[in-house]
Amino acid sequence: MTLNDPRIQRLITLIRAALIPPPGKGRIALAVTMGALCHVIFAIAVLSMMAAMFFGMSESFGTVPWPWAILANAALILQFPLVHSFLLSKRGTKIVSRLIPGPHGGTLATTTYAIIASIQLAALFLLWTPSGIIWYRAEGTAFALICTAYAATWLLLLKASFDAGAEVQSGALGWMSLMGKIKPVFPDMPTQGLFRLIRQPIYVAFALTLWAVPVWTPDQLALAISYTAYCLFAPRLKEKRFEQRYAAAFHRYRANVPYVLPKLTTKEPKDGANPAQQP
């Protein structure tokens with residue numbers, strides 16, 4: 001990976017524009033406020049997710065009495081995939097673009113979306129009501145090995161997010177574009193890094209984090225099963241959008257790159273070109 005890598009070039013261009021913003025106190029104030037809000041909530045969501053799953057969902061702030069806690073926890077599980085998928089639809093993206101009043105809602109759409117997704121995840125992991133039942137708690141060598149695997153799955157998720165476009169995944173694209181008064185430039189269809197091996201590395205990496213935990217409870221099992229199912233089936237909707245947007249390029253990419261399980265051997269295109277590139 002070099003500075004000429006398009007993933008790096010996009011970030012450099014975006015950061016440069018944000019560091020030397022054109023005049024406009026109101027615009028800059030809005031951009032900084034949204035950026036700070038986005039990244040603080042994003043950090044809270046990620047840290048709460050990492051900690052909650054590390055303890056098998058046995059530690060949280062939810063206090064709903066049982067058996068009503070079953071319904072509350074089920075609602076927390078369902079709210080993320082349902083809202084997340086809806087906001088990625090055509091109707092959903094229009095709604096997200098209008099949530100910030102004024103002329104900058106469209107530019108801030110990715111930041112607004114990241115804020116909503118982060119709030120959803122934070123709610124899931126902070127408001128969960130633990131069952132109090134612990135089936136297994138790793139100790140000694142097993143604990144060290146599982147913790148290493150858990151850290152590795154998060155690094156894999158970080159790598160997949162970078163390959164997909166760090167500026168979009170983190171929500172930075174919107175507020176930095178507004179700061180620099182430039183049009184948000186979305187990454188092209190990702191085909192580099194882990195996307196050379198499988199088409200859905202972010203979903204696969206997230207699913208792996210659900211299973212590489214040192215503490216197992218009924219809570220963690222319910223979360224792992226439901227969200228693994230989501231990670232297997234939800235990308236089908238994403239691929240329909242890609243099929244409409246990239247047409248033949250996506251068809252070639254899909255024909256050469258497997259969905260979630262990498263091939264043991266890689267078959268290069270005859271002309272040596274990237275299978276997703278337009279002719």
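We're numbering straight along the sequence, starting at 1.
- The two residues A164 and I202 have their closest heavy-atom pair at CB-CD1, 3.6 Å.
- For the atom pair L158 CG and Q169 CD, the distance stands at 11.0 Å (nearest 0.5 Å).
- Atoms CG and CG, on L71 and L78 in that order, are 10.5 Å from each other to the nearest 0.5 Å.
- Looking at Q79, its side chain does come within 3.5 Å of a backbone N or O of L76 through a donor-acceptor pair.
- M189 and L88 are assigned to two separate hydrophobic clusters, defined by single-linkage of ILVMFWY side chains at heavy-atom distances under 4.5 Å.
- Between W216 and W211, the ring planes are tilted. Angles from 30° to 60° get that label.
- Note that CG of L47 is 9.5 Å distant from CE of M49, once rounded to the nearest 0.5 Å.
- In this structure a side-chain-to-backbone donor-acceptor pair under 3.5 Å is missing from S85 to L82.
- For CZ of R241, the number of neighbouring non-hydrogen atoms (other residues, nucleotides, ligands) closer than 6.0 Å is greater than 12.
- Using a 4.5 Å heavy-atom cutoff, the side chains of L126 and I44 are in contact.
- W128 has its side chain within reach of I77: a pair of non-hydrogen atoms, C-beta onward, lies under 4.5 Å apart.
- Two residues are said to be in side-chain contact when any heavy atoms from C-beta on lie closer than 4.5 Å; I100 and M34 meet this criterion.
- In F61, the CZ atom is not crowded: 12 or fewer heavy atoms of neighbouring residues, nucleotides or ligands sit closer than 6.0 Å.
- A cation-pi contact links R236 to Y259, judged by a cut-off of 6.0 Å to the six-membered ring centre and 45° from its axis.
- Across all non-hydrogen atoms, the minimal contact from S170 to A166 is OG-O, 2.8 Å.
- No side-chain donor-acceptor contact under 3.5 Å links Y253 to the backbone of T191.
- Ring geometry for F143 against F54 counts as perpendicular: the plane angle is over 60°, on a 0 to 90° scale with 30° as the lower cut.
- Between atom CD1 of residue I8 and atom OG1 of residue T13 there is a gap of 11.0 Å, rounded to the nearest 0.5 Å.
- When all heavy atoms are compared, the tightest approach of Y227 to P81 is OH-CD, 3.5 Å.
- Residues I198 and P201 form a side-chain contact, since some pair of their non-hydrogen atoms from C-beta on lies under 4.5 Å apart.
- If you chain together hydrophobic residues whose side chains sit under 4.5 Å apart, F186 and L178 fall into the same group.
- If you chain together hydrophobic residues whose side chains sit under 4.5 Å apart, L223 and I133 fall into the same group.
- Partner of T110 under the side chain to side chain contact (heavy atoms under 4.5 Å, CB included) criterion, chosen from I115, L173, T93: L173.
- If you take CD on E167 and CE on M176, they are separated by 9.5 Å, rounding to the nearest 0.5 Å.
- Side-chain heavy atoms closer than 4.5 Å link hydrophobic residues (I, L, V, M, F, W, Y) into clusters, and following such links, possibly through other members, connects F206 to M57.
- Side-chain atoms of Q244 and F250, non-hydrogen and from C-beta on, never get closer than 4.5 Å to each other.
- Under the 4.5 Å side-chain contact rule for hydrophobic residues, F42 and M50 share a cluster.
- With a 4.5 Å cut-off on side-chain heavy atoms, R199 and F242 do not count as touching.
- For the pair N73 and V64, the minimum side-chain heavy-atom distance is 4.5 Å or more.
- Distance alone, capped at 3.5 Å, is enough to place a donor-acceptor pair between the R27 side chain and the M179 backbone.
- Remark: the backbone N or O of D163 is not paired with any side-chain donor or acceptor of Q192 at under 3.5 angstrom.
- The local environment of CD1 in I20 is sparse, with at most 12 non-hydrogen atoms from other residues, nucleotides or ligands closer than 6.0 Å.
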Starting from the C-alpha separation in whole Å, work towards a yes-or-no answer on side chain to side chain contact (heavy atoms under 4.5 Å, CB included) for L14 and S177. CA-CA 7 Å; L14 194 60; S177 296; 3.5 Å; yes

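- When every heavy atom of V213 is checked against every heavy atom of M53, the shortest pair comes out as CG1-O, 3.2 Å.
- Under the 3.5 Å distance criterion, the side-chain polar atoms of S131 are left unmatched by any main-chain donor or acceptor of D219.
- You'll find the side chain of I116 reaches within 4.5 Å of the side chain of L99, heavy atoms only.
- Across all non-hydrogen atoms, the minimal contact from K181 to P22 is CB-CG, 3.8 Å.
- Between Y150 and W154, the ring-plane angle classifies as perpendicular under the 30° and 60° cut-offs.
- In terms of modelled atom types and a separation under 3.5 Å, the side chain of S60 and the main chain of F125 share a donor-acceptor contact.
- A pairwise comparison of heavy atoms in G62 and T129 identifies C-OG1, 3.3 Å as the closest pair.
- Note: H84 and Y113 meet the aromatic proximity criterion, with ring centroids under 6.0 Å apart.
- Between S89 atom OG and K94 atom NZ the span is 10.0 Å, to the nearest 0.5 Å.
- Looking at T111, its side chain does come within 3.5 Å of a backbone N or O of W175 through a donor-acceptor pair.
- For the pair Y203 (side chain) and Y230 (backbone), a donor-acceptor distance under 3.5 Å is absent.
- W66 CH2: more than 12 foreign heavy atoms inside a 6.0 Å radius.
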